[in-house]
Structure formats: structure tokens, C-alpha cells
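Report on the structure given below.
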Amino acid sequence: MLHLSAPHPLDSAAVLAWYDRHARTLPWRTSPQQRAQGARPDPYSVWLSEVMLQQTTVAAVARYFARFIELWPTVADLAAAPLEAVLVEWAGLGYYARARNLHACAVAVVDRYGGVFPDRAEGLRTLPGIGPYTAAAIAAICHDEPVAVLDGNVERVLARYHALPVPVREAKEELRSNLRCSVPVRAGDFAQALMDLGATVCAPRSALCMLCPLEPGCAGVRTGNPTGYPIKPSKADRPIRYGHAYVMRDGGGDIYLRTRPDKGLLAKMTEVPTSDWTAALVEPSYPAAGDWRHHGQVVHVFTHFRLELEVWSAIVSDTAALADGWWAEPRDTGREALPTLFRKVLASVGL
DNA sequence: AAGTCGGGGGC
DNA sequence: GCCCCAGACTT
């Protein structure tokens, strides 16, 4: 089914001219001026930033990016690091499968390609954690391969430009093939230009069309309601799950921590023990004997459900049954792979 | 094609 | 509160 009534190439020259004047300065970016003088971005930095930026804002990524580059300046350094160290540094950024795939990808690049990333999107696409978007982005930005770089920003720009009459998901491949026809020689700058355009001019709730280099051909402007696009699919309501979290401390004040299962939510990350998370709250079932004290609730919102945990703490003496985890000093929890949820739990008991 | 997978910033 | 973010992977 075709949804682009009159597909025509974008004015890529106008987009590039806009980008030459308005490109954002980002830590992982090579500016259009630098690129014009022959500078090429480092594929490792581009890859690292692209993975971190998946479904994640620039502001949230900046500190993590700097820290990873400081700790692991090359893909070989990252590949040589233990996965546990990578998870510690990723903690708080979310979508932890990205961190596991990041490490697996680094190992694969070293083992399969001698530490050099493939230069074409087709080759990049075979690596863990690199999907259609990321493969295209790396190949375009690093080598100017003329591929369509289609992220959420660009989807919005194109949905408005074409006044796309259906949700993006139903027309994604059509948008991709159409965009491919508009890619100029400066493929990397063009890709970053469209993403900057979506982030600054053609933003989710505001469209500054008078500033947009694509305004002359934009069907969304002609409808009089460009921000009405993209059309959103109906959203499912978020269920609530309930449970208990048990913060245990030994006689020395150390906190009992353990590793979550290999698969599923927050896989392989560090946690404090909790009950199952269920549709209705059940009575607490304390993991060890002690004088248990209630500390109120922690509420945490995940993508597809909302979690409300009752937080309990106790000093426990019989620690024999707590053998699968370890005891950590409160001052050392910054070096544990604790997701934000469990940092909230510790904070609620004053740790 | 739909579901799973975090967390935060902006409004 | 709600929306969305330089998406990938599984089923």
C-alpha cells in the first residue's frame, strides 16, 4: 500500500545549507566545517554515541559518553573489559540489553574484523545491537554511504512533509526508500541535518515552519496543522504491579545485594531482593529474620507497566540463607550496577 | 505486527 | 500527568 501521494525528492541542498549554519555542537560530532576539510569521525565514537542515543535524549547521554571514552578509548579496550564493568557504567541509562549488546559487539568487531568496524551498513547490520537505523547512521556519518538514516526525528519530519495519512509504522519502508532517493553526496551531513531539524525546528509539539528549509514543499504546512503529524497509534493503558522490596543490612551495616537473572527486565543488573511483582499486593514474606521496619513506597514507571514497591528494611543476624549475593558498604553502591529503581529503594531507607 | 525493554526532560 | 526521545530484538 502506498501512502505518499506525490513522492518527490527533498531539497537536500537547502537542508545542507541550513545545517552548515545551524548544526548543533555535540561531543561525538564532527562539524560540517571540519568534514569539509577532510576530517572523518572515529567509527568507535559514532557507534558508541548512536547506541547510547537509542530512545535516549542527548542530555542524558552526554555524561555517559564521556565516561565510556575515558575508561575505554578504543573498541579493543571495551572488548577487553569485563561485561560487569560495562554494566556498572551503564547503570541508570536504561534499556540494559544495549549494554550487553554493546560489549558483545565490541568483542565481535575485535574477533571478526581485527578491531575495525565494517564500513558499509550491510556489514554493520550483522553486529549485535546494530539495527537498520544505527547501521545506516554509522555508514553515512563515517563514510558518506548514501543510505536512508531514519530515526524518530526524521520520521516526524517526513510524516509532516508528506502529510502521511497513517501511523509511521505502517509506512516505514516506504519512507525509507523514498528518503534514499534524496540522499546527496554529503550523506553524513544530510543525515545529521535531518535529525537536527527534527530536534530543533520540526519538534514534537512545535513546528517552526518559517525557519525550515523544507517549508516550500511541505504538505503538512499546507494542511494548516503540521503538528497533527505523525498520526499516533492508539496507546495501551499502563497496568500497575505491586510488590515488596527488602533492604537487609548485617551487623556492620553492609547491604545485601545480588544479581538479577540473565534474561528479562533489568537482566544481569544488581538488585536488592524483592517479592514477585503482581497485579495485587500480597503480604510481605521476609527473606530473613529481623526487626522489619516499613519505609513507605517507591513508585517507578517502566515502558509497559507501573511498579509500586513497599520498602522494608531490617538488620539481619542469620545471613546463612543469603548466600547467592554479596554485602556492600553503603558508600560503595556507586560502583554497583544498580538500576535507578533500586537506587530509589535505597534512597527511601536513607542510603 | 505486536510485545518487551528504562529513564528522564519538557511541557 | 503525558509524550517522546539518534531503536533493537523477540515471538
Side-chain angles (χ1 to χ4, degrees), chain A residues 23-24 26-29 41 45-65 87 90-102 104-105 124-142 147-157 159 166-173 176 188 190-200 202-206 227 230 232-239 241 260-261 263-269 271 298-307 337-344:
Chain A
R24 290 180 294 171
L26 301 170
W28 45 84
R29 173 173 285 178
S45 297
V46 173
W47 163 71
L48 179 61
S49 68
E50 291 298 343
V51 173
M52 287 183 167
L53 287 162
Q54 289 165 7
Q55 295 293 286
T56 308
T57 56
V58 167
V61 163
R63 290 187 307 274
Y64 287 85
F65 177 80
L87 294 180
W90 198 278
L93 195 55
Y95 282 156
Y96 298 98
R98 293 186 296 172
R100 304 191 298 273
N101 285 329
L102 186 85
C105 182
L124 290 161
R125 181 67 185 82
T126 68
L127 290 162
I130 299 185
Y133 161 76
T134 304
I138 297 170
I141 292 171
C142 294
V147 288
V149 179
L150 193 58
D151 77 325
N153 287 310
V154 181
E155 287 174 4
R156 179 174 56 257
V157 171
V166 296
V168 168
R169 190 144 205 170
E170 299 176 29
K172 202 161 187 172
E173 286 315 309
R176 201 189 307 278
F190 182 66
Q192 294 173 97
L194 287 182
M195 292 190 279
D196 273 20
L197 202 56
T200 62
C202 197
R205 276 178 294 273
S206 73
T227 56
K232 297 166 207 152
S234 57
K235 60 172 165 57
D237 57 330
R238 214 191 307 261
R241 296 186 194 172
R260 289 178 60 80
K263 297 187 174 181
L265 189 74
L266 307 175
K268 297 185 180 179
M269 300 298 287
E271 68 171 3
V298 160
V299 177
H300 194 71
V301 180
F302 292 101
T303 304
H304 54 292
F305 66 95
R306 168 191 175 94
L307 178 64
L338 281 166
T340 298
L341 165 63
F342 297 109
R343 294 195 184 278
K344 286 184 184 176

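Everything numeric here is computed off the predicted structure, so don't read it as measured data.
Taking NE2 of A:H300 as the start and CG of A:L341 as the end, the distance is 5.0 Å to the nearest 0.5 Å. Interatomic distance, A:R100 CZ to A:M269 CE, rounded to the nearest 0.5 Å: 9.0 Å.
Under the salt bridge (Lys or Arg N to Asp or Glu O under 4.0 Å) criterion, A:R98 pairs with no residue at all, not counting sequence neighbours. By the side chain to side chain donor-acceptor pair (under 3.5 Å) test, A:R343 is found to be paired with no residue, residues two or more places apart in sequence or in another chain being considered. Residues meeting the side chain to side chain donor-acceptor pair (under 3.5 Å) test with A:R125, sequence neighbours left out: none. Residues passing the side chain to side chain donor-acceptor pair (under 3.5 Å) test with A:N153, sequence neighbours excluded: A:D151, A:R156.
Nearer to the 5' terminus of DNA chain B, by closest-nucleotide assignment, is the contact made by A:K263 (compared with the other of A:K263 and A:R63).
Put simply, CG on A:L93 is 13 Å from C1' on B:dC5, counting in whole angstrom units. Distance, A:R205 CZ to C:dC3 P: 9 Å, rounded to whole Å. Here C:dG1 presents its P atom at 15 Å from CG of A:D237, a figure rounded to the nearest Å. The CZ-C1' distance, from A:F342 to B:dG7, rounds to 14 Å in whole Å. Atom CH2 in A:W90 sits roughly 17 Å away from atom P in B:dC5 (whole-Å rounding). Going from atom CZ of A:R306 over to atom C1' of B:dC5 covers 19 Å, rounded to whole Å. Going from atom CG of A:L341 over to atom C1' of B:dG6 covers 10 Å, rounded to whole Å. Note: CG (A:L266) to C1' (B:dC5) measures 9 Å, nearest angstrom.
The closest donor-acceptor contact from the side chain of A:T56 to the backbone of A:Q54 lies under 3.5 Å.
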Worksheet item: So what is the 5' to 3' dot-bracket string for DNA chain B, if pairs are Watson-Crick or G-U wobble with both distances under 3.5 Å, crossing pairs use [ ] and | means the partner sits on another strand?
Response: |||||.|||||
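Spacing between B:dT4 and C:dA6 at atom P, rounded to whole Å, works out to 24 Å. Comparing C:dT11 with B:dG6, their P atoms sit 16 Å apart, to the nearest whole Å.
For A:K344, no side-chain nitrogen or oxygen approaches OP1 or OP2 of B:dG7 to under 4.0 Å. Contact check, A:H300 against B:dG6: no side-chain N or O comes under 4.0 Å of OP1 or OP2.
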Response to the item:
With B for base contact, S for sugar-phosphate-only contact and - for none (protein heavy atoms under 4.0 Å), nucleotides 5-11 of chain C reads BBBSS--
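Taking each heavy atom of A:R238 and A:H304 in turn, the nearest pair found is CG-C, 3.7 Å.
A:E50 and A:Y133 share a donor-acceptor pair across their side chains, judged by distance under 3.5 Å alone.
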